[in-house]
Amino acid sequence: MEVQFGLIDFLLVSPAVALFLFSCIPLLIKVLRGNVEANPFATMLWGYVGLIAAAGLTVATMGSESTAFAGALVFDGVSGFVSLVLLFVAAVAITFARDSQSTNDKQFTENMFLMLNSVIGMLAMAWANDLIMVFVGLELFSLCLYMLIALSLEERASKEAAFKYFILGSFASALMLYGISFIYGTVGSTYLPDMIQATPNLLATNRLFLFGFVLLLVGICFKVAIFPFHAWAPDVYQGSPTPLTSFMATGVKAVSLAFFLRLVASQAFTVERFWPFVDVLQWLAVFTILVGNVGAFRQKSLKRMMAYSSIAHSGYVLIGLIAAGIGGASNLGASGVMFYIFSYSVMTIGAFGVLSLLETRADSDLTVEDLRGLGRDKPWLALAMTVLLLSLTGIPPTLGFWGKFFIFSAAVKQGLLWLAVWGVVGSIISVYYYLRPVVAMYMEEPTVGRYSFELRPLSYFAVVLLAMLTLAFGFASEPAYRMVLAAVVKIF
Amino acid sequence: MLLSVLIFSPLLFALIVALLPEEKWVRPVSLVLSLLHFAMSGLLFYRFNPASPNLQLVEKVPWVPTFGINYFVGIDGISFWLVILSAFLTPLVVLGSWTAIEKRVRAFHICLFLLLTSMIGTFLALDAILFYVFFEASLIPMYLMVGIWGGARRLYATMKFFIYTMAGSLFMLVAIIALIFMTQEQFGVMSASILDFYNLEIPFVAGEFLNTQTLLFFAFALAFAIKVPMFPVHTWLPDAHVEAPTPGSVLLAAVMLKMGTYGFMRFVLPIFPEASEYFAWLFMLLGVVGIVYGALVAMVQPDIKKLVAYSSVSHMGYVMLGLFALNLYGTTGGLYQMLNHGISTGALFLLVGMIYERTHTRVIADYGGLAKAAPIYTIAFLIVTFSSIAVPLTNGFVGEFLILLGTFEANRWFAGVAVLGVILGAVYMLWAVKRIFFGPRGKALGHYEEESLDINAREIAVLVPLIVLIFWMGVFPSDFLNWSKASLEHFVANRTHYELKLEE
């Protein structure tokens with residue numbers, strides 16, 4: 001087979017190329033200066049330049065609805081939207097990383113290099129139109145993340161987290177690759193559109209394909225921490241440096257869920273043979289919501305609490321995915337999922353950002369008690385955190401409310417009322433643990449002195465900006481929803 | 001425009017208060033702003049046409065068109081007085097909390113204005129999602145109010161309040177979504193407008209629980225029943241009331257509980273007419289149980305505030321009883337009793353707060369002989385007590401009488417038991433009055449001189465408007481009911497196929 005690449009292919013992947021080039025610059029500078037760490041602010045600026053260039057190029061190629069490299073990559077509305085969300089959270093995350101004690105050290109340049117390259121891996125996965133490409137992207141960002149976690153200055157928890165994530169992640173990758181091999185064996189191609197086209201037929205007739213497809217789903221479920229593949233998440237999120245956690249919890253989920261959506265678009269859920277698995281997925285959604293919310297309920301560490309909350313949110317998205325899979329062409333589910341990716345990313349990275357700002361040592365692990373008196377000492381930060389937490393709870397008028405509204409709407413529309421009801425039950429449980437920090441910030445007397453340290457201005461600004469976005473989109477969700485609605489129609 | 005101004009001007013006020021350079025200006029500025037807001041609500045008397053049952057002063061702007069969600073507000077005779085009540089009570093609350101709130105005064109007034117926005121918005125919203133947004137948003141300021149300025153067990157109380165109310169309303173959200181899709185099936189376009197919900201044909205099978213209308217009915221009813229609160233989901237109320245600061249208690253009792261009963265009138269009864277009729281006995285039964293239970297529990301409370309809180313449960317039982325009598329007397333009485341309860345219970349909480357500020361105890365047993373030490377206070381308290389136990393010539397009498405009349409028409413057994421509640425009401429209130437104001441001097445007023453405990457001019461200024469209203473509403477009820485008459489008659493006459501038109 002002869003494959004020819006034109007200039008257009010390289011133009012389309014230019015965001016990744018730009019990112020890679022700019023990620024090398026700080027590293028080069030460091031090497032040329034005899035391994036002396038540059039000013040972290042400059043390093044961060046190079047990161048910004050790379051991310052902004054990538055975002056600009058993504059916007060420029062958006063809406064082209066074209067494929068590159070013989071169809072291995074696709075540039076449609078979904079990949080464009082997810083890329084932009086991803087680049088945005090990455091920009092926020094490197095801001096937090098520069099301002100955090102756990103990442104800003106003599107290896108910050110390497111941190112930045114790895115972070116930007118993990119973004120490249122995520123972009124590759126967001127664009128992927130070929131199962132091999134999916135795997136390559138997944139491995140690229142996973143490897144970067146394993147190293148990033150281990151690079152943390154914190155000695156014990158982060159090493160354990162890195163190792164745990166590495167082993168379990170490799171296991172999931174292996175399962176996924178195994179699944180892909182079965183799909184290749186039965187479809188005769190790893191090209192996603194080929195597979196999607198063959199799915200309804202093969203799923204009904206070919207047991208090997210079914211096996212491969214299920215393994216593929218399991219691999220993705222692991223990445224987005226769906227019960228019972230969620231157990232790594234709390235340990236890893238807690239052990240990682242907080243800026244990195246904020247990035248993992250949002251970036252990895254955004255691209256993995258987008259890929260999940262592409263799989264769902266294969267009409268697999270409408271195949272009768274697959275229905276038992278759809279039932280299982282529904283139960284997994286219910287259990288994920290319950291495990292996440294009940295787990296978060298009992299946590300002392302705020303990072304762990306947020307980790308469980310992020311599991312619960314995966315459960316809500318899974319409801320949307322199931323609705324999308326059953327609903328097919330009526331895209332309420334798919335657009336709900338896309339919107340949720342966006343809303344979840346904004347509010348989760350914001351909440352982690354607040355924690356990151358408040359950590360004074362590399363090994364801090366904040367508890368609810370540590371937030372006491374924050375409302376008095378740092379009123380704007382406390383207000384931002386309150387808005388973000390209320391949004392995570394799903395209280396109007398915030399972004400999180402609309403995220404849940406669109407997901408529950410999709411479920412009701414597809415007759416999955418019982419899933420919506422379980423989602424509601426989960427949300428009720430979540431009220432308690434999301435409001436606990438609010439209680440601590442405003443209503444409890446401080447036990448540890450005052451928050452006298454200066455807040456890092458850039459991170460502070462980023463957190464406040466995220467809170468404002470949460471509110472602004474809460475009042476005007478329609479433009480964003482229109483955008484995803486237009487995007488998802490194309491992939492179904 | 002007027003309605004939007006009424007809804008959103010408090011947001012602007014909150015911003016003004018937030019930006020005031022000095023904290024000592026917060027109270028006077030808030031008072032002026034809230035009076036301004038009340039004056040603006042007074043414009044409704046000129047712009048609203050009481051002869052028409054239609055929705056008036058309507059504003060409709062697309063919000064989330066994909067789901068047929070609009071910013072859609074309007075007013076009719078049912079919401080009219082509730083809006084006025086909210087606007088009327090806010091300046092009184094500002095004035096009443098002049099010395100009660102000592103810390104974080106600025107934040108408190110910001111909360112107050114946010115609460116005002118969400119209360120007015122709830123009563124004016126004609127779009128189900130918009131209603132839900134305001135309904136839920138009202139939780140946050142109240143949550144903060146109880147949690148920050150409340151009493152010793154405030155954290156427990158505020159959490160319980162939030163989780164209870166949220167639990168009910170989330171199920172309502174799912175029901176609203178289901179109704180939105182129903183409008184798409186039946187009318188071809190998605191709409192979250194309540195007016196379209198009224199026209200839905202929702203299948204109902206009597207005697208079977210798992211059918212569309214019954215399930216939706218209970219999803220809505222649960223949300224509102226928790227808010228009202230009806231027995232047996234009332235347990236958050238005593239905690240929240242006792243722990244809330246005085247102004248919080250006042251607004252909670254006077255306005256926020258009405259969001260629940262208003263929800264029954266605006267959503268439950270007209271959207272689900274068959275289910276409402278079929279299950280009316282259940283809600284009347286729970287109403288009656290609430291009346292008697294609330295009264296009995298109030299009787300044995302050692303804490304004045306808790307007594308008033310349980311009396312709320314009892315009073316709201318009357319409102320529910322009236323609404324589910326499903327006739328004109330009952331409905332009119334229900335609406336009237338909502339206002340009465342707002343005024344008399346609001347006044348009671350203010351009075352309790354005033355004496356608490358001086359003696360720092362709410363335990364009834366600590367009092368005694370207060371009539372001598374605080375004569376003006378005693379007179380005010382007695383008048384409000386009479387209103388609360390529905391003595392003729394006070395507003396409470398009109399409301400309860402109408403409700404009992406309506407209930408008698410609907411079911412004489414329930415009416416018979418409910419009348420018992422009137423007696424019990426008199427028992428617990430008058431007994432408490434006796435123990436607090438008469439008899440030997442209690443230890444709470446130990447070192448106070450004669451009459452030195454009495455209320456000052458500011459506090460009298462807070463109480464006078466309320467007492468004037470108590471008599472005005474008691475002697476000339478038609479001055480008030482005429483504004484709602486057309487809407488209520490329309491509501492009752494077309495109960496099974498209710499629809500509202502927009503005033504041209």
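Numbers restart at 1 for each chain; the letters A, B, ... are given by sequence-line order, proteins then strands. Bear in mind that the values here come from a model prediction, so they are computed numbers and not experimental data.
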Is chain A contacted by the side chain of [X], its backbone, both, or neither, given a heavy-atom distance below 4.5 Å?
X	value
B:Trp63	both
B:Leu173	side chain
B:Ile140	side chain
B:Ser169	neither
B:Tyr143	both
B:Pro65	both
B:Leu139	neither
B:Tyr71	neither
B:Phe181	side chain

Quick check for you: among [options], which has the greatest number of heavy-atom pairs under 4.5 Å with chain B?
options	value
A:Val438, A:Val425, A:Thr393, A:Val421	A:Val438
A:Leu435, A:Ile395, A:Ile428	A:Leu435
A:Phe406, A:Phe408, A:Trp402	A:Trp402

Any side-chain donor-acceptor pair under 3.5 Å between B:Lys160 and B:Tyr164? no
Would you check if there is a donor-acceptor pair between the side chains of A:Asn293 and A:Tyr432 at a distance under 3.5 Å? no
For the interface with chain A, which of B:Ile176, B:Thr158, B:Ile180, B:Ile129 has the highest count of heavy-atom pairs at distances below 4.5 Å? B:Ile129
Which answer fits [X], side chain, backbone, both or neither, if we ask what part of it has an atom under 4.5 Å from a heavy atom of chain B?
X	value
A:Arg436	both
A:Phe475	backbone
A:Ser477	side chain
A:Leu390	side chain

Assign the ring pair [X] / [Y] to parallel, tilted or perpendicular, where the plane angle (0 to 90°) is split at 30° and 60°.
X	Y	answer
B:Phe161	B:Trp236	tilted
B:Phe217	B:Phe272	perpendicular
B:Phe224	B:Phe135	perpendicular

When A:Tyr340, A:Tyr344, A:Tyr308 are each screened for side chain to side chain donor-acceptor pair (under 3.5 Å) with A:His313, the one that passes is A:Tyr340
Does atom CH2 of A:Trp422 have more than 12 heavy-atom neighbours, drawn from other residues, nucleotides or ligands, at distances under 6.0 Å? no
Taking atom CH2 of A:Trp418 as the centre, report whether more than 12 heavy atoms of other residues, nucleotides or ligands fall under 6.0 Å from it. yes
Would B:Phe131 and B:Phe267 count as a close aromatic pair, with their ring centres under 6.0 Å? yes
Counting distance only, does the side-chain N/O of B:Thr183 pair as donor-acceptor with the main-chain N or O of B:Ser191 below 3.5 Å? yes
Is NZ or CZ of A:Lys378 both nearer than 6.0 Å to the six-membered ring centre of A:Tyr460 and within 45° of the ring axis? no
